[in-house]
Amino acid sequence: RLYPPHDGVSAPGRNSKDIRFALNHDNSRIYISTGDWSGPLYGDSGRQETFSYDVVTDRWAVEHPSCAASGVQPMRPDEIGFTYDTKRKLFWLVPGFELNLPDTCHTGVTLMRGNVMTFDPATRAWADPRRAGLPSAAPGIHTYAEYDPVTDALIVLGPDEVLHYAISTNQWRRVPVRTPNIGTLRLSESRATIDVTGRAVYSIDNTAKRLLRYRIDTRTLDDLGPLPAATHASVERATNVGWDPVNGVLLWWHYDEQRVRVYHPDTRQWELPSPPNPSGQPLRGNSAYFDAMHNVFIVMGASETCNVC
């Protein structure tokens, strides 16, 4: 089904990229934050709004505006980690690529850059919990994060490392990872997705064109082999994966093919579902996310006339 935003809310559902999704397990809405899309007040990159989306009713809501009147909020977050903590009922933002620009708000709000932050969906407010920053030895940009309810930790992907953040003790652990089939590892090129039951985080190295699986408990990296189809040169469009816990498979939205490919971890085989597009209408999207609560894989962020805006 095609669900363009139609309820009058200026939201990143049409032309966008680099946006982050996280499911609020308590109100069943998908929260969408950061990234690039055309909106009011300032440029298209590093948007400061936070939205929520109801898959069932196709309704958007503004959870936080571009500029609050007071308090704190992230400064122009572009490619960052954003995930929901089911224990504390908060969203965590892990700093990655954030634009360093002059204050575009001119209100009483304080814009923060390079800080671990939280967003409370109940109060619709950002907060600075004054948490330890990412390990100084960690190179590169850490652009994806997942919450692991088993260890009560954030799992953050870097180019050639994985960071474990123990929330209760405010401690980071850096785990270097490598695989013999890839010279220069780019683990954080793909949208990360967690399989809590299987104790793993999946990602794609788009440069090497290989599927990767990080085992949370053993802190080891599996190279699951080459991708079954060529990927787009743009990392932002080629590597949208989502773990489907309902069926125990990994879904990969293939931008160029405009369809979904399915990976079965038990057999290590890829499947190409048929028919790929029952609607018969063109499918576009730079970002994808699997909503396990509603058993729906959503794709958004492009149109016929503009694929990256």
Side-chain angles (χ1 to χ4, degrees), residues 4-24 26-27 29-54 58-85 88-131 133-134 141-145 154 236 286-287 289 300-303 306 308-309:
H6 56 72
D7 53 1
V9 176
S10 177
R14 292 189 182 274
N15 299 321
S16 62
K17 64 181 178 68
D18 295 336
I19 58 178
R20 300 297 188 258
F21 305 87
L23 177 65
N24 184 332
D26 298 292
N27 66 10
R29 298 181 69 89
I30 298 173
Y31 281 64
I32 300 167
S33 192
T34 76
D36 307 335
W37 58 277
S38 299
L41 298 182
Y42 51 83
D44 298 347
S45 296
R47 299 299 304 182
Q48 295 176 171
E49 299 93 333
T50 298
F51 296 89
S52 68
Y53 178 65
D54 189 313
D58 182 33
R59 304 296 291 183
W60 292 80
V62 178
E63 301 293 340
H64 193 279
S66 301
C67 299
S70 60
V72 298
Q73 69 179 72
M75 173 188 284
R76 303 298 293 273
D78 196 323
E79 300 176 41
I80 51 82
F82 183 68
T83 187
Y84 187 64
D85 180 342
R88 296 164 187 82
K89 304 186 185 305
L90 297 170
F91 293 91
W92 289 91
L93 180 147
V94 178
F97 174 52
E98 301 159 283
L99 301 180
N100 187 11
L101 298 173
D103 186 354
T104 54
C105 286
H106 306 294
T107 63
V109 70
T110 299
L111 300 178
M112 305 189 71
R113 180 174 179 268
N115 297 74
V116 175
M117 302 186 70
T118 58
F119 180 77
D120 187 341
T123 62
R124 295 184 171 181
W126 286 96
D128 175 15
R130 301 186 182 277
R131 295 288 179 140
L134 275 65
I141 298 175
H142 301 78
T143 56
Y144 293 101
L154 303 182
E236 294 153 332
N286 297 320
S287 302
Y289 181 76
M300 67 172 64
S303 68
C306 182
V308 179
C309 297

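Everything numeric here is computed off the predicted structure, so don't read it as measured data.
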Hey, what do you get for [atom1] ([X]) to [atom2] ([Y]), rounding to the nearest 0.5 Å?
X    : Y    : atom1 : atom2 : result
M300 : I32  : CE    : CD1   : 4.0 Å
E79  : H142 : CD    : NE2   : 13.5 Å
H64  : F51  : NE2   : CZ    : 12.0 Å
H106 : C67  : NE2   : SG    : 8.5 Å
D78  : K17  : CG    : NZ    : 6.0 Å
R113 : L101 : CZ    : CG    : 8.5 Å

Enumerate, atom names and distances included, each donor-acceptor pair closer than 3.5 Å involving a side-chain atom of residues 88-98, sequence neighbours excluded.
| from | atom 1 | to | atom 2 | distance (Å) |
| --- | --- | --- | --- | --- |
| R88 | NH1 | D85 | OD2 | 2.8 |
| R88 | NH1 | D152 | OD1 | 2.8 |
| R88 | NH2 | D152 | OD2 | 2.7 |
| K89 | NZ | D26 | OD1 | 2.9 |
| W92 | NE1 | D85 | OD2 | 3.0 |
| E98 | OE1 | G114 | N | 3.1 |

Quick one: does [X]'s side chain get under 4.5 Å of [Y]'s, heavy atoms only?
X    : Y    : result
F82  : Y31  : yes
M75  : N100 : yes
C105 : L111 : yes

Taken in chain and number order and not counting sequence neighbours, the residues that satisfy side-chain contact (heavy atoms from CB on, under 4.5 Å) with L23 are H25, I30, Y289, D291, M293
Are a donor atom and an acceptor atom from the side chains of S52 and E63 found within less than 3.5 Å of each other?
yes
Testing the 3.5 Å rule here: is there a donor-acceptor pair between the side chains of S66 and Q48?
no
Looking at every non-hydrogen atom in both residues, tell me the closest pair between S287 and I19 and how far apart they are.
OG-CG1, 3.4 Å
Test your reading of the model: is there a side-chain donor-acceptor pair from [X] to the backbone of [Y], 3.5 Å cut-off?
X    : Y    : value
D120 : A122 : yes
R20  : T83  : no
D36  : G46  : yes

